[in-house]
Structure formats: C-alpha cells, structure tokens
Amino acid sequence: MLHQFFGGVHPAEHKDLTEHKATAPLAEAPAQVVIPMSMHVGAPCKPVVAVGDEVKMGQLIGETTGLGAPIHASVSGKVVAVEARPHGGGGMMMSVVIENDFQDTPDPSIQHRDNVDALTGAEIIEIVKNAGITGMGGAGFPTHVKLSGAVGKVDTVILNGAECEPYITSDHRLMLERGEAVIGGARLIAKAVGLKEATIGIELNKPDAIEHLKSLVGAAGDVHIEGLKTRYPQGAEKQLIQMITGRQIPPGKLPADVKCVVCNVATAAAVWDAVTEGKPLTRRGVTLTGGALTEPMNVMAPVGTPVSHLLKMAGGFKENPDRVLFGGPMMGNPIFNMDVPMMKSSNCILCMTAKEAADQDPAQTCIRCGKCVEACPMHLTPLFMRQNVDKRQWSAVEALNVMDCIECGSCNYICPARLPLVQSFRTAKFAIRDEAAKAQAAKQAKEAAKA
Ligand code: SF4
Ligand code: SF4
C-alpha cells in the first residue's frame, strides 16, 4: 500500500504542450558543442584533449580529479578551443569546444556487449563510472558513487519516474519510447547494489507510461510499477521514498540511512546503454517548452549543444519570453546567456511568457496566512525562516532547519504575497556554509599557529 507525504501543492501541469510529442533527433545538429568540465557534483574534470585534436563521438575528453564523473565528446570533429566559457550554473567553466564534422563517428571503445548477464555488481558499477553517468533528474551526483555507497546497505531500489514538475515531459516520453532500457536499467542497478528487485514510481497523470512499463515487466514481476498521486514535489527523493516505503529520512540524513537508493528513470536508461552498448553519456532527451516558444517539442540532443541552437530548432520565440529556465517553473534556474550549453542534467528548457510567469510576481508583504507551512513537505516554517533571512540572522535560520529545505518551491507557489521564499533560503544556505567554512579555516589556522 502506498503512503502519503506531508504538504505539497498541485500547480497547473502545462504538460499538454509536449506530452504527446515523440522525442525527435535535432533537425540540424549543432555546428559546435561546448562541453563544460563540470556537469556533476564534485571537482571539475581535467581536459585530456588539446586544440587541434580530432575526436570521435564518445571519446574521453575530461578525466576526474576527485569526486566526479568523466566527460566524453558528444559529437565527432575537431577541438577548436579548451578555455573557460559561460556555464549554465552561472559564471565561467573550463570547457572543450568541438567543431562538429557531422559524421558522428563513434569512438572504437563503443562496443556491443553480449555477456551482460555474467557481469558482477562491481563490474556494472565500473562500467557506469567509465561511462560518466550522473543523475539526470537533479543535481548530477555521480551515479557510480551513489551505487557503490549503497552496496550492502540498502534493501530497496527506487526509480524516479514521477516527473512532477510542470511542463517537463522528457522522462514521460522516455518511458513510452525506451521502456525496455528503463526496465533493463532498473534490473542492472538492482544487481549493482546486490538486490533482485526495483520499484518505479510514476505519477498517475502518466497512465500510458504506467501501463506500458507494466506490460514490459510482465510475469517476471521483479520491477514493480507504482502509480503515485499527482502532487508536487512527488519526485523529490525524500518524498518518493516516503510514498513508496513509508520510511522518513531524518533531518540531515540520506536515502541510504533508510536503506534506499533512488535513481532517475533517464539515469537507468543511460546505465542500460552503457552496459549493453558501451555508450558513455553524451546525449539526452530535452523538453523545449513554454508559451513563448513557437513549436514546443521533445528532442534528443548532444550534451554541449548551445541553448540558442535548441531554441532555433523549436522555431524560436513567438513572443518575447519573460524568463527562460533550465528545468521547470518550480525548481528551474534562470538562463541569462542563450549561448550556454545544455548539460547531462538538462531535462527541460522552459520559455515562459509574461502571463505564464505572472503567478510568481510581484512580491508583496507576508500576511501570515500560514499556507507556506501547510505546503512545505519538509515540515519547515518558511515564513519564520524568511523573517530571519531578512534580518540576516543566520544562526536563527539554521535553527529553523533551513538546511533541510529541498528547494522544491512549493512555498513560493502557494504564497499569496508572491514572496521569493526559496530564493532567500538558497541565500541563507550559502551564507551558513560560508560561515562554517570560515570558522573551520580559522580553527585550523589557530591550531597550526599553536603547533
Ligand atoms: S504563504 Fe506567504 S503570506 Fe502566507 S505566511 Fe507564508 S510567507 Fe506569509
Ligand atoms: S521551505 Fe523549502 S522544502 Fe519547504 S516548501 Fe519551501 S522550498 Fe520546499
């Protein structure tokens, strides 16, 4: 029986713009791709190619220097720059720029594998590592690190097919179009962590995907497909675990602390491609959508494709967008420079009209209605947190557990005063981490002086 999570909201879905549109290859491949050396949680990769090098599609171009995932060429062609370029996360990032030769010549390392069933869990994790797979639905945590940390510690594998953010349909289309890869990836992930079963959670607003995946699993019964009530933020890791297992992750703890590991369905498909075909993660499905776009669509695009090129493929703007975001309206990040490239975690580019964005503006004064408290799935008190952020009282904000905020934006959505609550919590988290780092550095300096 499924459980419930506290709070949450039900924003207008707007998925009808693209949910029936099959994922199509780009009508024109990009002339250049700009591949940032950081698309993951951890240290940026070190480029291992130089200007003038000819590269094949899938060739290693960035190797890890610590926690991270390697990076591969997403097209074949010639390296024309290795330099800092604008990054979707803000600021500049060392990037490898490849001039596309439009041949998509594969790297010789990409080979079909016949002996998949004979692979051990450790061998699967090694393949995932070398393929540069990172979480494709969120922050981009290296998948091999997540899986190796789960071995022997978890009893439940969950795949996230909820896709609860409004507008986004790339995972929905993936489950319909590549269901075998999703189910196969689920089995491989389960095997990698030492289990035999997995559960895929999908919101009930995608009944065709639920039925399709159920039919693919059939009598095998080792991958359970659970339909979840449509409620944002159903796809947040903590809420998904609670819905499927009834287990609550305590503040400051991780899924492994309640014996669960969660991966996105797109990540599972990438695991399947890496293990069965030897393909590194170099392309992904992206939803191009929003009322400002001429022709909303789902596309399969090489990592590193400039946003400007993707928007051109969707017919450009039919009216000036009020804002363009990576991701959905609840958790998306604004794009200010249309030349930044899409990354491994880019599931959507949303171009909102002023009318669509009007719900979020303008900010007024808190009327103490308490709706943000009711909506918060993490049992936080956004109105009090915000008051203390305004006063820059970081210790008070921390005492109100701001570090547990999953930045889902439910409080923003429900707030009648349209206060930018989640933005202020991001500021507070940054300030708290910064103060802690400074305190740690001061302590170390003091100890070094004593020694
Ligand atoms: S929902 Fe907005 S207006 Fe209502 S209490 Fe929370 S911050 Fe204040
Ligand atoms: S305080 Fe954080 S976790 Fe709670 S509703 Fe707001 S954004 Fe979501």
Side-chain angles (χ1 to χ4, degrees), residues 3-13 137-139 160 162-168 203 228-243 247-255 257-258 262 323 325-334 350 357-433:
H3 304 264
Q4 297 292 329
F5 70 87
F6 176 83
V9 292
H10 192 169
E13 295 179 12
N160 185 354
E163 200 164 58
C164 60
E165 271 251 3
Y167 289 93
I168 309 175
E203 282 197 337
L228 310 172
K229 189 175 165 193
T230 304
R231 186 156 187 80
Y232 182 87
Q234 185 74 254
E237 221 167 48
K238 293 184 178 184
Q239 282 61 38
L240 193 60
I241 288 171
Q242 188 171 353
M243 281 293 290
R247 300 173 197 166
Q248 286 191 32
I249 302 179
K253 299 290 182 185
L254 296 169
D257 293 307
V258 293
V262 181
R323 61 197 67 178
L325 305 169
F326 271 127
M330 306 294 281
M331 294 187 77
N333 290 314
L350 173 59
D359 281 349
Q360 298 167 26
D361 290 318
Q364 297 161 19
T365 310
C366 174
I367 56 170
R368 300 177 80 86
C369 65
K371 286 185 176 174
C372 54
V373 180
E374 284 170 25
C376 178
M378 298 306 293
H379 302 272
L380 302 177
T381 50
L383 79 163
F384 297 128
M385 286 168 20
R386 158 103 183 165
Q387 279 174 0
N388 285 293
V389 172
D390 285 347
K391 294 181 209 157
R392 304 180 75 74
Q393 291 181 343
W394 306 129
S395 56
V397 194
E398 193 175 7
L400 289 167
N401 295 320
V402 72
M403 301 312 276
D404 286 337
C405 169
I406 57 171
E407 301 179 17
C408 67
S410 295
C411 50
N412 274 29
Y413 173 78
I414 208 77
C415 175
R418 304 294 172 218
L419 293 171
L421 297 163
V422 67
Q423 291 82 347
S424 68
F425 305 150
R426 284 188 190 127
T427 304
K429 286 161 97 174
F430 181 82
I432 290 165
R433 286 196 193 103

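For the single chain, residues carry numbers from 1 onward in sequence order. Just so you know, ligand 1 is whichever comes first in the structure, and atom 1 is the first atom listed for that ligand.
Across all non-hydrogen atoms, the minimal contact from Ala12 to Pro166 is O-CB, 3.4 Å. Taking both residues in full, the closest heavy atoms of Val258 and Gln248 are given as CG1-O, 3.6 Å, listed atom of the first, atom of the second, then distance. Nearest heavy-atom pair, Met331 versus Cys408, reported as atom, atom and distance to 0.1 Å: CG-O, 3.6 Å.
Judged purely by atom type and a 3.5 angstrom limit, Glu398 has no side-chain atom pairing as donor or acceptor with the backbone of Met403. A donor-acceptor pair is defined here as one N or O able to donate and one able to accept, closer than 3.5 Å; such a pair exists between the side chain of Gln234 and the backbone of Lys229. At least one donor-acceptor pair under 3.5 Å links the side chain of Asn160 to the backbone N or O of Gly235.
Within the protein, the number of N, O or S atoms lying under 2.8 Å from atom 2 (Fe) of ligand 2 is 1.
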- [ ] Check the pair Gln239, Ile406 against side-chain contact (heavy atoms from CB on, under 4.5 Å), reporting the backbone distance first and the verdict last.
- [x] CA-CA 10 Å; Gln239 282 61 38; Ile406 57 171; 3.4 Å; yes

TODO: Dump the intermediate steps for side-chain contact (heavy atoms from CB on, under 4.5 Å) on Asn388 and Trp394, then the final yes or no.
DONE: CA-CA 7 Å; Asn388 285 293; Trp394 306 129; over 6 Å; no

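Separating the NZ atom in Lys371 from the CG atom in Leu383 is a distance of 13.5 Å, to the nearest 0.5 Å.
Below the 2.8 Å limit, atom 4 (Fe) of ligand 1 has as protein N, O or S neighbours Cys369 SG.
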